Visitor: 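Structure provided below as structure tokens; questions to follow.
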Amino acid sequence: RLTKDWIAPIYSFFNPVPVIGHVNGRRFHAFSCCAKGCNQSIRRFLDKADAKSTSNMRKHAKKCWGRETVEIVDKAKNATVARESIIEPLHTTGSITAAFERKGKGKVTYSHRQHTKTESRAEISLMKTGRPECYIPSASTVSHDVKLVFARTRKRIARMLQNYEGNLNFATDAWTSPNHKAFVAVSVHFVQDGQPFSLILDVVEVAK
């Protein structure tokens, strides 16, 4: 009988059929979060005055799915609409852009501007939306790993070119970027096992 009251959009973040349990003679409904990797349930004891409150569900949804997703879901007509048009596409594609488009936000645009610290925290929350188990490395970790991969790749390419028995063809290409900075790229071209290869060895900025 109570299911007819569970129509608020916030319910779309949880399984529609709760688990019914008892603790010390007290009956409760446990709503399981439907996010992948999340095993948490929100209990609501039926003998309390706020038995129909969704505040704890909302707090968990913001933590697990992200504040932006909760704000989008709140604009849905009811839980069924939110579940079909937002939550299910998130599970299928892992992308929230479809949800933005469905809510009449228009074309999704992207910015290449570096994020501020506040924006970075919001971006991390958005990327973990529906996937709270995902690990997102810090900027320093990414920087360290990129430098490590570059160093190892440079040694591997150098060893490969030094041991190559055929002819190596080196080329350069120069251009000016839109912000009026001149660059020169150095590349090498060769054939190995019948397949042509082209590698960029370096890109340097030309001094003024």
Side-chain angles (χ1 to χ4, degrees), residues 1-139 142:
R1 295 194 302 271
L2 294 176
T3 56
K4 68 179 185 298
D5 298 325
W6 301 336
I7 59 174
I10 196 66
Y11 284 97
S12 63
F13 292 109
F14 301 84
N15 292 328
V17 180
V19 175
I20 301 176
H22 297 81
V23 175
N24 297 328
R26 300 176 60 196
R27 190 179 185 185
F28 67 83
H29 287 156
F31 293 85
S32 301
C33 179
C34 60
K36 295 180 180 179
C38 181
N39 299 318
Q40 186 168 344
S41 298
I42 304 301
R43 289 185 178 184
R44 290 201 314 204
F45 286 89
L46 304 185
D47 58 352
K48 298 180 63 176
D50 59 349
K52 297 182 179 180
S53 174
T54 60
S55 60
N56 288 335
M57 301 174 73
R58 182 172 296 276
K59 290 178 182 178
H60 175 76
K62 288 182 178 180
K63 179 181 178 180
C64 189
W65 293 80
R67 178 177 54 83
E68 294 82 1
T69 308
V70 175
E71 291 177 353
I72 295 173
V73 165
D74 282 339
K75 296 178 182 179
K77 183 178 180 180
N78 52 49
T80 301
V81 173
R83 187 175 289 110
E84 294 177 352
S85 63
I86 302 175
I87 302 303
E88 290 182 0
L90 276 174
H91 279 307
T92 303
T93 65
S95 172
I96 199 173
T97 55
F100 277 100
E101 292 170 348
R102 284 186 174 85
K103 296 308 296 178
K105 297 294 183 178
K107 182 180 179 181
V108 178
T109 59
Y110 301 89
S111 173
H112 297 287
R113 175 179 58 83
Q114 183 176 359
H115 287 195
T116 63
K117 290 184 178 180
T118 301
E119 291 172 330
S120 296
R121 287 193 293 269
E123 179 69 13
I124 290 175
S125 175
L126 182 60
M127 288 189 289
K128 291 173 71 70
T129 295
R131 302 179 295 275
E133 75 282 0
C134 290
Y135 167 70
I136 300 178
S138 65
V142 173

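In this text the structure is predicted, and so the values were computed from the model without any measurement.
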Visitor: Listed by chain and number, what are the side chain to side chain donor-acceptor pair (under 3.5 Å) partners of S41, not counting sequence neighbours?
Guide: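 If we apply the side chain to side chain donor-acceptor pair (under 3.5 Å) test to S41, skipping adjacent residues, the hits are S32.
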Visitor: For R43, which residues count as a salt bridge (Lys or Arg N to Asp or Glu O under 4.0 Å) partner, sequence neighbours excluded?
Guide: none
Visitor: Side chains of C38 and H60: closer than 4.5 Å at any heavy-atom pair?
Guide: yes
Visitor: Among residues two or more places apart or on two chains, list those pairs meeting salt bridge (charged side-chain N to carboxylate O under 4.0 Å, His left out) that have a residue in residues 6-19.
Guide: none
Visitor: Quick one: list whatever passes side chain to side chain contact (heavy atoms under 4.5 Å, CB included) with N39, sequence neighbours left out.
Guide: none
Visitor: Would you give the length of the straight line joining atom CZ of R27 to atom CZ of F45, rounded to the nearest 0.5 angstrom?
Guide: 12.5 Å
Visitor: For R26, which residues count as a salt bridge (Lys or Arg N to Asp or Glu O under 4.0 Å) partner, sequence neighbours excluded?
Guide: D47
Visitor: Restricting to pairs with a member in residues 68-89, which pass ring pair (Phe, Tyr, Trp, His ring centres under 6.0 Å), not counting sequence neighbours?
Guide: none
Visitor: Atom OG1 in T54, atom CZ in F14: separation rounded to 0.5 Å?
Guide: 9.0 Å
Visitor: Between P9 and A82, which heavy-atom pair has the shortest distance, and what is it?
Guide: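 Closest heavy-atom pair between P9 and A82: O-CB, 4.3 Å.
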Visitor: Just to verify, what does V19 make a side chain to side chain contact (heavy atoms under 4.5 Å, CB included) with, not counting sequence neighbours?
Guide: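 Checked V19 against side chain to side chain contact (heavy atoms under 4.5 Å, CB included); matches are A30.
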Visitor: So, for R83 and S12, which heavy atoms are closest and what is the spacing to 0.1 Å?
Guide: NH2-CA, 3.4 Å
Visitor: Residues two or more places apart in sequence or in another chain: which of them pass ring pair (Phe, Tyr, Trp, His ring centres under 6.0 Å) with F31?
Guide: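 Ring pair (Phe, Tyr, Trp, His ring centres under 6.0 Å) list for F31, sorted by chain: W6, Y11.
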Visitor: Mind checking what makes side chain to side chain contact (heavy atoms under 4.5 Å, CB included) contact with R58, not counting sequence neighbours?
Guide: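 Counting only residues at least two positions away or on another chain, R58 forms a side chain to side chain contact (heavy atoms under 4.5 Å, CB included) with I10, K62, V70, D74.
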Visitor: If a pair satisfies salt bridge (charged side-chain N to carboxylate O under 4.0 Å, His left out) and one of its residues is in residues 12-23, list it, with sequence neighbours excluded.
Guide: none
Visitor: What salt bridge (charged side-chain N to carboxylate O under 4.0 Å, His left out) pairs are there with at least one residue in residues 9-23, not counting sequence neighbours?
Guide: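 Listed once each, the pairs would be none.
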Visitor: Once side chain to side chain contact (heavy atoms under 4.5 Å, CB included) is applied, do any residues pair with E71, and if so which ones, sequence neighbours excluded?
Guide: R67
Visitor: Taking R44 for its side chain and S53 for its backbone only, find out whether a donor-acceptor pair lies under 3.5 Å.
Guide: yes
